[in-house]
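Contents: one structure, followed by commentary.
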Amino acid sequence: MVVVSSPSMLILQPPVITSHNSTWRHSGCSRGSIRCGIAEPTGVPAPMGQKTKYKDGLFEKAFMTLFAKKMEKFGGGGDAREKKKGWWDYDYDSFVDVSRRVMQGRSRDQQQEVVREVLLSMLPPGAPAQFRKLFPPTKWAAEFNAFVTVPFFHWLVGPSEVIEVEVNGVKQRSGVRIKKCRYLENSGCVGMCVNMCKFPTQDFFTNEFGLPLTMNPNFEDMSCDMVYGQVPPPFEEDPVSKQPCFADLCSVANPSAKVCPKLQV
């Protein structure tokens, strides 16, 4: 699943910045690499194979609830307790559970279309067109969106930082490195990562907002690089199209399959 770091999101909770040497004072974040909400003693994500502990605040829970409620109409039944949940009763696990129910029984394209509909439903009318006017596909626009992504994506993917990347032969700070993706870590599912996060996000920015974006998940350590300004390859040419399941982590994995079944339909 994905949250859009667009100008329409900035009005919800702008981070506080002071001076050119500023510190992000957003949910206790530190400058540079955002570590919001991590409850690990080290302050960094847990090693591969262990689930990172987070302490979510009202801002994080608000987004989890908003997305979960928007997705529930696509997610089938769920149990009676889910239906009775109040606004502040949702947590990250319930958000992932709704995402998993959306995935079930849908093809790869259908899953991506659900995410697109959810994202569009959260934006004000005309937001994509306004975004295109404010942020034409330039180096500045790519770098600005990378900068904004770090604080506004932390509830969804965990700590990240802006990095230098090369786009069309030009070095620019329009990359975002997610240290260990919270969504992939909690779902343990390659199909959910690819079908409900990577490709819907790429498509939304590239085709709805007109700002190319490529996401490169690393399934060895669950990190991910987002590169604003870089046109994503088609599914068939993307290395993720050949990725097998996390046999030991995914509850719906097919260990005998060479490629995750959710990537083949």
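In this structure, the side chain of Gln111 does not engage the main chain of Asn195 through any donor-acceptor pair within 3.5 Å. When atom types are taken as modelled, the side chain of Thr65 and the backbone of Lys61 share a donor-acceptor pair closer than 3.5 angstrom.
At a threshold of 4.5 Å between non-hydrogen side-chain atoms, the residues Val240 and Lys198 count as touching. The shortest distance between side-chain heavy atoms of Val227 and Val167 falls below 4.5 Å. Within the 4.5 Å cutoff, no side-chain heavy atoms of Gln112 are placed close to those of Val115. At least one side-chain heavy atom of Asn216 sits under 4.5 Å from a side-chain heavy atom of Thr214. Residues Phe135 and Gln130 fail the side-chain proximity criterion, which asks for heavy atoms closer than 4.5 Å. In this structure, Leu213 and Leu211 have side chains that are not in contact, with every pair of non-hydrogen atoms separated by 4.5 Å or more. Residues Ser99 and Phe67 have side chains not in contact (no heavy-atom distance under 4.5 Å, counting atoms from C-beta outward). The shortest distance between side-chain heavy atoms of Ile178 and Ser160 falls below 4.5 Å.
By the 6.0 Å and 45° rule, Arg132 does not stack over the aromatic ring of Phe209. By the 6.0 Å and 45° rule, Arg182 stacks over the aromatic ring of Tyr92.
A donor and an acceptor atom, one from each side chain of Glu40 and Thr42, are nowhere located under 3.5 Å apart. No side-chain donor from either of Asp238 and Ser241 sits under 3.5 Å from a side-chain acceptor of the other.
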Glu143/Ser174 under side chain to side chain contact (heavy atoms under 4.5 Å, CB included): CA gap, chis, key distance, verdict: CA-CA 4 Å; Glu143 291 185 332; Ser174 67; 4.1 Å; yes
Before giving the answer on ring pair (Phe, Tyr, Trp, His ring centres under 6.0 Å), spell out for Trp155 and Phe95 the whole-Å C-alpha distance, their side-chain angles and the decisive distance to 0.1 Å. CA-CA 11 Å; Trp155 74 269; Phe95 162 70; 5.6 Å; yes
Does Asp93 form a salt bridge (Lys or Arg N to Asp or Glu O under 4.0 Å) with Arg100? I'd like the steps, not just the answer. CA-CA 10 Å; Asp93 286 338; Arg100 186 175 286 110; over 6 Å; no
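Between the CZ atom in Phe152 and the CG atom in Asn145 there is a gap of 11.5 Å [rounded to 0.5 Å]. Considering CD of Glu208 and CG of Leu123, their distance stands at 9.0 Å, rounded to 0.5 Å. Here CD of Glu60 is found 13.0 Å from CG of Asp91. Values are rounded to the nearest 0.5 Å.
Between Phe63 and Phe59, the two ring planes are perpendicular [angle over 60°; tilted spans 30° to 60°]. Relative ring orientation between Phe205 and Tyr228 is described as perpendicular, the plane-to-plane angle rising above 60° on a 0-90° scale split at 30° and 60°.
Residue Glu185 forms a side-chain hydrogen bond (donor to acceptor under 3.5 Å, both in side chains) with just one option from Gln50, Lys180, Lys51, and that option is Lys180.
Remark: Glu113 pairs with Arg116 by the salt bridge (Lys or Arg N to Asp or Glu O under 4.0 Å) rule, at least two apart or across chains. For Lys262, there are no salt bridge (Lys or Arg N to Asp or Glu O under 4.0 Å) partners two or more places apart in sequence or in a different chain.
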Do any side-chain atoms of residues 217-226 form donor-acceptor pairs under 3.5 angstrom with protein atoms, and if so which ones, sequence neighbours left out?
unit_1 : atom_1 : unit_2 : atom_2 : d
Asn218 : OD1    : Glu220 : N      : 2.8
Asp221 : OD1    : Ser223 : N      : 2.9
Asp221 : OD1    : Ser223 : OG     : 2.7
Asp221 : OD2    : Ser223 : OG     : 3.4
Asp225 : OD1    : Arg177 : NE     : 2.8
Asp225 : OD2    : Arg177 : NH2    : 2.9

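Ala68 and Val98 make their closest contact through O-CG1, 3.8 Å (heavy atoms, listed as atom of the first residue, atom of the second, distance).
The pair Lys171-Glu166 does not meet the salt-bridge criterion, since no charged nitrogen lies less than 4.0 angstrom from a carboxylate oxygen.
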